[in-house]
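Heads up, the thing below is written out as structure tokens.
Since the structure is predicted, the reported quantities are computational estimates derived from the model, not experimental observations. The figures here come from the full heavy-atom set of this structure, side chains too, leaving out hydrogens, waters and symmetry mates.
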Amino acid sequence: MLLKKERILTQAEAADWQSAVRLVGNLLEQDGCISADYTQQMIEAILTLGPYIVILPGFALCHAAPSKAVLQDGISLVTLKSGVEFGSPNDPVTVCMGLCSRDGKAHMAQLQKLAAKLMEPEVLERIKEANDSEIILNLFEET
């Protein structure tokens with residue numbers, strides 16, 4: 001699975017949306033999925049295109065186009081103690097998922113599975129309330 005315990009941070013503090021994006025990027029960097037350039041590319045994409053990544057109330061899917069800064073496909077997840085504003089009607093965001101892909105295709109099956117899980121009633125709320133990465137991993141492994 002592209003989401004691993006090492007790539008989950010619960011109940012984190014972020015001063016603003018850029019800090020939240022850096023948190024998801026840092027998890028991917030620390031696990032060898034991306035270089036720091038990709039984290040900056042995620043921020044630049046939002047600055048250029050707007051808060052298109054806030055796809056559900058309280059949920060942002062942080063990503064950028066595939067690039068040489070992506071070393072391997074991966075997903076990270078950060079829950080925030082206090083929501084941050086991206087400038088979206090779905091603000092404030094309290095759950096940020098980071099996504100990196102080398103080619104934009106290899107991760108699609110797992111991303112579809114994660115998206116389907118996020119659409120289930122109460123799953124996003126359970127993620128927001130989680131205080132341990134194992135709780136979040138177990139949510140995504142439930143059938």
Would you call Pro66 and Asp103 a side-chain contact if the rule is heavy atoms closer than 4.5 Å? no

Any heavy-atom pair between the side chains of Val24 and Cys62 that's under 4.5 Å? yes

Does any N or O in the side chain of Asp73 come within less than 3.5 Å of the main-chain N or O of Arg102, such that one atom is a donor and the other an acceptor? yes

So that I know where these two stand, are His63 and Tyr38 an aromatic pair - ring centroids less than 6.0 Å apart? no

Without swapping roles, check the side chain of Glu6 against the backbone of Asp31 for a donor-acceptor pair under 3.5 Å. no

Single-linkage hydrophobic cluster, 4.5 Å side-chain cutoff, Val84 and Ile127 together: no

Is Ile46 reachable from Ile34 through a run of I, L, V, M, F, W or Y residues, each pair having side-chain heavy atoms under 4.5 Å apart? yes

For Met97 and Leu77, the nearest pair of non-hydrogen atoms, with its separation, is CE-CD1, 3.6 Å

side-chain contact (heavy atoms from CB on, under 4.5 Å) test vs Phe140 passes for just one of Leu137, Asn138, Ile136, namely Ile136

Report the distance from atom CG of Leu47 to atom CD of Gln40, rounding to the nearest 0.5 Å. 8.0 Å

Heavy-atom closest pair (Thr94 atom, Ser82 atom, distance to 0.1 Å) is CG2-C, 4.4 Å

In this structure, would Leu3 and Val70 fall into the same cluster of hydrophobic residues linked by side-chain contacts under 4.5 Å? no

Glu120/Lys117 salt bridge by N-O under 4.0 Å criterion: yes

If you group Ile, Leu, Val, Met, Phe, Trp and Tyr by side-chain heavy-atom gaps below 4.5 Å, do Met119 and Val93 land in one group? no

Working note: Ile53 + Phe59, criterion side-chain contact (heavy atoms from CB on, under 4.5 Å); need CA distance, chi angles, decisive distance, verdict. CA-CA 8 Å; Ile53 64 162; Phe59 179 83; over 6 Å; no

Apply side-chain contact (heavy atoms from CB on, under 4.5 Å) to residues Leu80 and Glu13 and explain how you reach the verdict. CA-CA 6 Å; Leu80 302 170; Glu13 299 278 355; over 6 Å; no

Apply side chain to side chain contact (heavy atoms under 4.5 Å, CB included) to Lys68 and list each qualifying residue two or more places apart in sequence or on a separate chain. none

Taking all non-hydrogen atoms of both residues into account, name the closest pair between Ala12 and Leu23 and its distance. CB-CD1, 3.9 Å

Quick one: closest heavy-atom pair of Ser133 and Thr10, and the distance? N-CG2, 4.1 Å

Within-4.5 Å side-chain heavy-atom neighbours: Gln41 and Ser67: yes

Distance in Å, Glu85 CD paired with Asp91 CG, rounded so as to fall on 0.5 Å steps: 4.5 Å

From CD (Gln72) to OG (Ser101), nearest 0.5 Å: 11.5 Å

Dump the intermediate steps for side chain to side chain donor-acceptor pair (under 3.5 Å) on Ser19 and Asp16, then the final yes or no. CA-CA 5 Å; Ser19 299; Asp16 54 28; 2.9 Å; yes

Find out whether Trp17 and Val54 are in side-chain contact, i.e. whether some heavy atom of one side chain is under 4.5 Å from a heavy atom of the other. no

Using the rule that Ile, Leu, Val, Met, Phe, Trp and Tyr join whenever any side-chain heavy atoms are under 4.5 Å apart, tell me whether Leu99 and Val123 fall into a single cluster. yes

With a 4.5 Å heavy-atom cut-off, do Asn90 and Ile55 have their side chains touching? no

For the residue pair Arg7 and Leu28, what are the closest heavy atoms and their distance? CD-CD2, 4.0 Å

Side-chain contact, heavy-atom cut-off 4.5 Å: Thr79 with Glu129? no

Taking all non-hydrogen atoms of both residues, which atom of Lys128 and which atom of Val95 are closest, and how far apart? CG-CG2, 3.4 Å

With a 4.5 Å cut-off on side-chain heavy atoms, are Ile8 and Leu27 touching? no

